[in-house]
Amino acid sequence: MSLLQPIVNGLIVGSVYGSVALALAVVRRAGGFFHFGHGATATVGAYIVYGVVTSGVSQWLGILLGCLCGGLMGFFMEVSVFRWLYRWEAPFVAMMIASLGILVSVENLIGIAFGTDTKIVEEHAAIGIAGMLDIWITDTQLLILFLNCAVWLAFWALLQHTLFGKSFRAVANDSELAYALGIDVDMHRLWALTMSSAVAALAGISLALDTSLYPTIGFYALLMGMTGAIIAGVSAPACAPLGGMLLGIIQQLGVWKLPTQWQDTIVFVILIFFLLLRPQGILGEPVKNKEMV
Amino acid sequence: MCQKGRDVYYLFGLGVLLVTLAYASLGGAAEEKEPTKRGSKSVKIGAVLPLTGNLAFIGEAIRNGMEMSKNELNALKSKGRTIEILYEDSKGNAKDGLSSIQKLLDYDGVTFLVVNLTNVCLAARPILDRKPVLAFYLSTHPDVLDSSPNGFRIFISGVQESILLSDYARANGYQKFTILTVNDAYGKGTGEYLESLLEKSGVISGSEEYQLASPDFRAIATKIKDQSPDALVVIGYGREYPLLFRQLEAQGWTGKIMGNLSFANVAGQAVDSPLAARLSYTAPGFSSNATRLKSSETFIEKYKQKYGKEPDFNAAYGYDNVTLMADAMTNADNVAISQVRSNLLKVRAYEGAIGRIDMAITGDSETEMKVIEGIQAKVTKKRKTQ
């Protein structure tokens, strides 16, 4: 078998994992915890695009609406839950549990509203199949690859080359010092959660358009994204997508010789490997004071 | 009152409590056993089906069929008996299925059980074999009955399907196969038996498994394309096939697909892939207009009137299981399970909703089956292929 096809497959799924990894790493840096609620946002994004496309409206509108609703979800999560937890100086574990609660609640609500069965976005735009060098990729997959990579680049530019990015990094490094310097920490956290939620929604939308959707789709994306973020290093949000991409490629190449049901096992073996041997990830800073990931 | 007097009162009170409890439990037991007595008014049938989760579509269809049969039988009130069906949700897994079966046996006192899904059936059979009940297994697994003393299968047999498919493959000159099965007892059981038959006339170029409701077949599709089999053989549940087809097509694979009755689950919906036209699958005569009996036509009409949609083969089997069970009770003086079993074993050339059913001495039945070629593809948008 040509190695190129699994690599291309890996790039496509990796682009989705990369977006979730980016969203997780942004909140991890700004807020200090892994925000499981991104799984809920991804699920909502997936069901919005499903609803819009199956009702005959444009796929583009579905993508836009899904990302917008994802961003709004993040906004409301921040102002209604996490801002209060920050003010009460709740431990990060409490925030993580709160975000897990949001994920479980949203998944259950979606299960009640839409049913728990697997759905497919059937009426999506024409599938163009391009066969070159015996590599096959649909135009939906190309679109997914393009959109996710464009979002990463935009985020990278935002974090590295803007004033917002500079102050965001200041908040991420030491929020108390940033506050003392006059930076509006709450506002930065609000923007971090809102924008990262829109990215998580894009990941859910991508999965829905390319494969299928079901109420726990966000949890699956979350697991993969978290592993990707750990591989790249959560201390470097702009690099987190590369971890997701690498994970996607390893996952697809791994089943080249192994039976396909080992696909997810490969991911978790990699996760354990990094947690034990390089918890700071490939591009992250070394772990200090026994602080894990 | 002195201490001794109080002790006597306490002992008397305790005695009354124990007698009351003993009476209540005996009375309860007598009430539970009532359906099996001569002239009893209601016979309870327990049904353990997947009513929620990814396989709920199967459970729902079977329940609809069973309900139709129950309503018709109760309207007739044959021998003054009515039928009551108690449904329990297995959620598609053996653990919940077994809990439901225990509840039906211990608390509801059912003596007739309909159990669906191979993993639930295989887990329940050793328990049910030791109980004074008649169990009807809706599973295709080759070993689901395995000399069960009180088990029946009025359903499709995986052995029958596998023989049909291997004969079909030989007749069409297919020699190289990739087998793709769902990773559970049903997929493994039927898949392994079919593989053993296909190996006699060809080679197995690959064997892959997937999780139920797998969200992505991309890696599997890449491997199938690389193996380039004459035919891909798929044993699953049906709802996952549109995604499988789409991803096979996206990888540029254009081979033949062979499958079992699960394809009949999606045959009602047009499958949005040209691959659907290159499909061959086994199905009961019920699934084809050309081979349908009059009894099946009548069932379909009644079902459409009641539920407003076409029934699938699961609904027909649900209907036939209850009807045959009730017939066996009607022909018996009482509903003692030995007599009902004996009557069921005499069923020959029965024209049911599913078609003609013949019961073997093992408790297994044979339904008329055939290989259906192709599902009409629904191409929603014009595809361009370079």
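Letters go in sequence order (proteins before strands), and every chain restarts at 1.
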Heavy-atom closest pair (B:Ala219 atom, A:Gln263 atom, distance to 0.1 Å) is CB-OE1, 3.3 Å
Please say whether more than 12 non-hydrogen atoms of neighbouring residues, nucleotides or ligands are located less than 6.0 Å from CZ in A:Phe219. no
Note: vs chain A, highest number of non-hydrogen pairs under 4.5 angstrom among B:Gln227, B:Lys225, B:Glu240, B:Gln211 is B:Lys225
Q. Would A:Thr138 and B:Glu249 count as a side chain to side chain contact (heavy atoms under 4.5 Å, CB included) if you check the C-alpha gap in whole Å, the side-chain angles of each, and the deciding distance to 0.1 Å?
A. CA-CA 10 Å; A:Thr138 66; B:Glu249 193 191 348; over 6 Å; no
Rounding to 0.5 Å, atoms CD (A:Gln5) and CG (B:Asp226) come to a distance of 10.5 Å
Honestly, the part of A:Leu253 sitting under 4.5 Å from a heavy atom of chain B is neither
Honestly, the part of B:Gln247 sitting under 4.5 Å from a heavy atom of chain A is side chain
Honestly, the part of A:Ile12 sitting under 4.5 Å from a heavy atom of chain B is side chain
Got B:Arg218 and A:Thr211 here, is their nearest side-chain heavy-atom distance under 4.5 Å? yes
The interface call for A:Asp210 against chain B, heavy-atom contacts under 4.5 Å, is both
Honestly, the part of A:Gln251 sitting under 4.5 Å from a heavy atom of chain B is neither
Between the CG atom in A:Leu4 and the OG1 atom in B:Thr222, the distance rounded to the nearest 0.5 Å is 11.5 Å
Rounded to the nearest 0.5 angstrom, the OG1-CG distance for A:Thr260 and B:Asn183 is 9.5 Å
Any chance CZ of A:Phe268 has more than 12 other-residue heavy atoms, nucleotides or ligands included, within less than 6.0 Å?
yes
